[in-house]
> 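Sharing a structure below in C-alpha cells format, with a few things to ask.
The chains referred to below are lettered A, B, ... by the order of the sequence lines, with proteins before strands, and numbering in each begins at 1.
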Number of protein chains: 2
Amino acid sequence: MPTKANARQHGTYENLRHEIARQHPDFSDRLRVIAEFALEHPTEMALGTVAEVAQRAKVQPSAIVRFARALGYGGFTELQQVFRSRLVASVPPSYKERITGLRRDGRFQDANNPQAVLTRFASEGMVSLESLQDRVRQADLVRAIELLGAAETIYVLGLGGSFPVAAHLTYVLRKLGRRVVILDGLGSALGDQAASATPADALVAISFRVYNPDTARLFPELVARRLPAISITDSLLSPIVEGASVVFEIPDMPEAALRTMVAPMCLAQTLAVGLTLTLD
Amino acid sequence: MPTKANARQHGTYENLRHEIARQHPDFSDRLRVIAEFALEHPTEMALGTVAEVAQRAKVQPSAIVRFARALGYGGFTELQQVFRSRLVASVPPSYKERITGLRRDGRFQDANNPQAVLTRFASEGMVSLESLQDRVRQADLVRAIELLGAAETIYVLGLGGSFPVAAHLTYVLRKLGRRVVILDGLGSALGDQAASATPADALVAISFRVYNPDTARLFPELVARRLPAISITDSLLSPIVEGASVVFEIPDMPEAALRTMVAPMCLAQTLAVGLTLTLD
DNA sequence: ATGGCCTTAGAATAAACATTCCACGAAGTA
DNA sequence: TACTTCGTGGAATGTTTATTCTAAGGCCAT
C-alpha cells in the first residue's frame with residue numbers, strides 16, 4: 001500500500017517531481033512505468049490526452065488515471081494542470097518566478113506599503129529590461145542605426161505617456177551632435193512641426209497603448225511621404241507598425257501594475273549611443 | 001517591412017502572429033477582438049478550451065472557431081497546436097546564469113556591437129534598480145507621499161537630462177487625478193510658471209549632474225517661499241538638497257556609460273502610485 | 001493445490017468538448 | 001421601403017475525452 005502523504009502541497013511542478021520519485025519504489029508495475037515516463041516526458045504529460053499518453057507510455061488509459069489518483073489527485077486532468085504550469089512558467093521569461101519569489105518573501109505583501117510599491121516597480125523594471133535583451137534582434141538594431149545614421153534630421157514622435165521617452169531620446173541625440181526635431185505638438189502645431197521632413201530624414205515613433213490619437217494620425221502621413229520610420233511600440237497591431245522600416249515590439253508585462261517606461265527608455269538610449277559608436 | 005513578407009507557412013508561432021496582424025484590419029468586429037486577445041494571451045490560447053477562451057475574450061465560442069477558420073485552419077484545435085508549439089519551444093530559461101554569463105565573458109566589452117550596447121544599458125539599468133530598492137528608506141517614502149497628499153497643487157521641476165523624469169511623473173500624477181504643474185521653462189517663463197506656488201503646495205525637484213542652471217536657480221527661491229520640497233538627485237552636494245524636506249539620493253554608478261534614467265523614473269512612479277494607495 | 005487479494009485490460013459510460021446550424025438583426029443597396 | 005448580404009449569438013449536435021466498472025489474470029501464503 002503506497003503511503004498517501006497528503007501533507008504535500010499540490011501545485012508546483014518541482015514538488016510533484018519529488019513526490020513521484022519518493023513513491024516510485026512503492027508503486028505497482030504499471031504505475032512505475034508511468035512514473036518514469038512522466039518524469040522523462042513532462043511536456044507530453046502536459047499537452048497530451050489520456051489516450052495519447054497511454055499509448056506513448058505503452059499502458060492502458062485507465063492506468064494513467066490510476067496513477068493520478070495514486071498521487072492524490074482527483075484524476076488525470078488535475079495532474080495535468082501541474083505539468084502545464086511548468087510550461088507556462090518557462091515561457092514568459094522569468095518574471096513570474098521572480099515576482100512570485102518576491103511575493104513569497106513577503107516583501108511584496110501589502111500594496112499599501114510604499115516600499116512594497118517601490119519593490120514591485122523596480123522588479124517589474126528589471127524583468128522588462130531582461131526580456132528586452134531577449135527580444136530585440138541584432139538585425140533590427142543595426143538596421144535602425146543605419147537609418148538614423150543616414151538621416152539628415154531625425155524626427156522624434158512620442159506623445160502622451162510615451163513623451164518622456166521621446167524627450168530622453170531627443171536629449172541624448174542632441175548631446176551627441178545630431179540634428180533632431182521633437183514632434184511635441186506644442187501650440188497644436190504637430191503637423192507643421194513635421195512639414196519639412198523629407199525621405200532623406202528619419203522618424204523615430206514611440207507609442208504604447210492607449211495609443212495617442214495624434215500619433216496615430218501623423219505617423220501614416222509621414223510614412224506616406226516616404227520618411228523611413230523606426231517604431232517602438234507594444235504590439236504589432238499598433239497604429240505605428242504599418243509602413244515602418246523597423247519595428248521594436250516591447251510587449252507589456254501581463255500583470256504590470258502600471259506601464260513602466262524603463263525598457264523603451266533603455267532601447268532609445270541604445271539607439272542613440274549605438275549610432276555614434278558605429279560611425280567612428 | 002519589419003520582417004519578411006507573408007510567406008504563409010502554417011506551423012510556426014511567429015508566422016501566425018504576423019498573419020494575424022496582417023489580416024487584423026480586414027476582420028469583422030468580433031474577429032478583431034479575438035485577434036487582439038490571441039496576440040496578447042498566447043498562453044491562454046494554448047491551454048484553454050474553446051469555452052474558456054471565449055469567456056476570457058468575452059465572445060461566443062462559435063466566434064473562436066470562426067476565427068480559426070478565418071486564418072485557414074480547420075478549427076480551433078488546429079490553431080491551438082500552433083500556440084502550443086510556442087510553449088514547448090521555450091524549454092529551460094535560466095536567465096540569471098545567462099546574464100551573469102554575458103557579464104563574465106567578453107561580449108559585454110565590445111562596445112561597437114549594438115547588441116552589446118543594449119545589453120550593457122539593460123544590465124546597468126537592472127543594477128541601478130536593484131540598488132534603488134536597497135537605498136530608499138521607507139521613512140522617506142512615507143514622508144514624501146504625505147507631502148504630496150497634502151499638497152493642493154504639485155509642482156514638478158526637472159530640466160535638461162532630467163526632463164523625461166519630470167514629464168513621466170507629471171503624466172502619471174495627472175492620470176491619477178492630481179493637480180500638477182510642470183515647470184518646463186516653456187517660453188523662458190520658468191519663474192512665472194512657479195509664481196503662484198504657495199506653502200500649501202509641494203515641489204518635486206529632479207536634478208542630476210551636470211546640474212541644470214535654471215533648476216539650481218529656481219529651487220532655492222521656491223524653498224525660501226516655504227514650499228515643501230522633495231528632491232531626487234545624485235549627491236548631497238547637489239543644489240536641490242539644501243532646504244528640501246525629503247531627499248532621495250540616487251548616486252550614479254561609477255562606470256555608467258551614460259546616465260540611465262531608469263531608477264529615477266521608477267522612483268517617481270512609486271511616489272505617484274503610492275500616493276493614491278495610501279489615500280484609499 | 002487453492003483461496004484471498006491486488007493488479008490489470010478493456011469495454012462501458014458519462015462528461016466535456018469543438019463544431020455546426022439556424023434564426024435574428026444590422027448595414028448596405030436598389 | 002423592400003431586398004440582400006454579412007456578422008452574430010446561442011442552442012443543438014456529434015465527437016472526443018476522461019473516468020468508472022467488471023471480469024479475468026497473476027501472485028503469494030497457507
Side-chain angles (χ1 to χ4, degrees), chain A residues 1-4 10 16 20 23-38 41-87 237, chain B residues 10-11 16 20 22-38 41-88:
Chain A
M1 173 90 155
T3 45
K4 277 198 180 165
H10 283 170
L16 174 59
I20 291 174
Q23 292 203 40
H24 180 262
D26 302 328
F27 278 149
S28 70
D29 259 7
R30 289 305 134 108
L31 259 39
R32 204 159 26 231
V33 169
I34 298 170
E36 286 157 19
F37 180 84
H41 305 281
T43 301
E44 304 196 31
M45 292 292 289
L47 262 21
T49 70
V50 172
E52 284 165 0
V53 172
Q55 189 172 6
R56 290 282 284 108
K58 292 179 182 137
V59 297
Q60 287 294 323
S62 50
I64 305 286
V65 177
R66 283 204 308 268
F67 175 71
R69 302 195 79 106
L71 287 165
Y73 296 90
F76 175 70
T77 313
E78 264 181 45
L79 173 67
Q80 193 175 44
Q81 290 309 112
V82 183
F83 282 94
R84 291 191 167 185
S85 75
R86 161 178 166 274
L87 285 187
L237 303 181
Chain B
H10 278 169
L16 175 58
I20 291 176
R22 194 181 67 78
Q23 293 204 38
H24 179 262
D26 301 327
F27 278 151
S28 70
D29 264 7
R30 287 307 132 106
L31 258 39
R32 215 174 357 246
V33 168
I34 299 171
E36 285 157 21
F37 180 85
H41 305 280
T43 302
E44 306 196 29
M45 291 292 290
L47 262 22
T49 69
V50 172
E52 284 165 358
V53 172
Q55 188 172 8
R56 290 281 285 110
K58 294 181 180 133
V59 297
Q60 288 292 324
S62 49
I64 304 286
V65 177
R66 278 201 293 270
F67 175 69
R69 303 195 79 105
L71 287 166
Y73 296 89
F76 175 70
T77 313
E78 264 182 45
L79 173 67
Q80 193 174 46
Q81 291 309 114
V82 182
F83 283 95
R84 290 193 169 184
S85 74
R86 162 176 164 274
L87 287 186
V88 299

> What is the distance, rounded to the nearest whole Å, between atom CG of A:Asp29 and atom P of D:dC27?
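Rounded to whole Å, this separation is 9 Å.
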> For D:dG7, does OP1 or OP2 lie under 4.0 Å from any side-chain N or O of B:Arg66?
no
> Identify, between A:Ser62 and A:Glu52, the residue whose nearest nucleotide on DNA chain D lies closer to the 5' end.
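First, find each residue's nearest nucleotide; the 5'-ward one identifies A:Glu52.
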> Just the rounded figure in Å: distance from C1' of C:dT19 to OH of B:Tyr73.
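That distance rounds to 18 Å.
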> Taking C-beta and beyond as the side chain, do A:Arg32 and A:Glu36 meet within less than 4.5 Å on heavy atoms?
yes
> Which pair of heavy atoms, one from A:Phe76 and one from A:Thr49, lies closest together, and at what distance?
CE2-C, 4.3 Å
> Using a 4.0 Å heavy-atom cut-off across all strands, classify B:Arg32 as base, sugar-phosphate, or nothing.
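Nothing, no heavy atom under 4.0 Å.
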> What's the CD-C1' distance between B:Gln81 and C:dA18, to the nearest Å?
13 Å
> Checking B:Gln80 side chain against B:Met45 main chain: does a donor-acceptor pair fall under 3.5 Å?
yes
> Write down the distance between CZ (B:Phe76) and C1' (C:dA16), rounded to a whole number of angstrom.
14 Å
> Side-chain N or O of A:Gln60 versus OP1/OP2 of C:dT8: is the shortest distance under 4.0 Å?
no
> Are OP1 or OP2 of D:dT20 and a side-chain N or O of A:Arg69 less than 4.0 angstrom apart?
yes
> How is A:Ala51 classified with respect to the nucleic acid when contacts are heavy atoms under 4.0 Å: base, sugar-phosphate, or nothing?
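The answer is sugar-phosphate, as A:Ala51 gets under 4.0 Å only of primed atoms, P, OP1 or OP2.
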> Might you work through the side-chain contact (heavy atoms from CB on, under 4.5 Å) test for B:Ile34 and B:Val53, ending with a clear yes or no?
CA-CA 9 Å; B:Ile34 299 171; B:Val53 172; 6.0 Å; no
> Within the structure, does a side-chain N or O atom of A:Thr77 lie under 4.0 Å from either OP1 or OP2 of D:dT17?
no
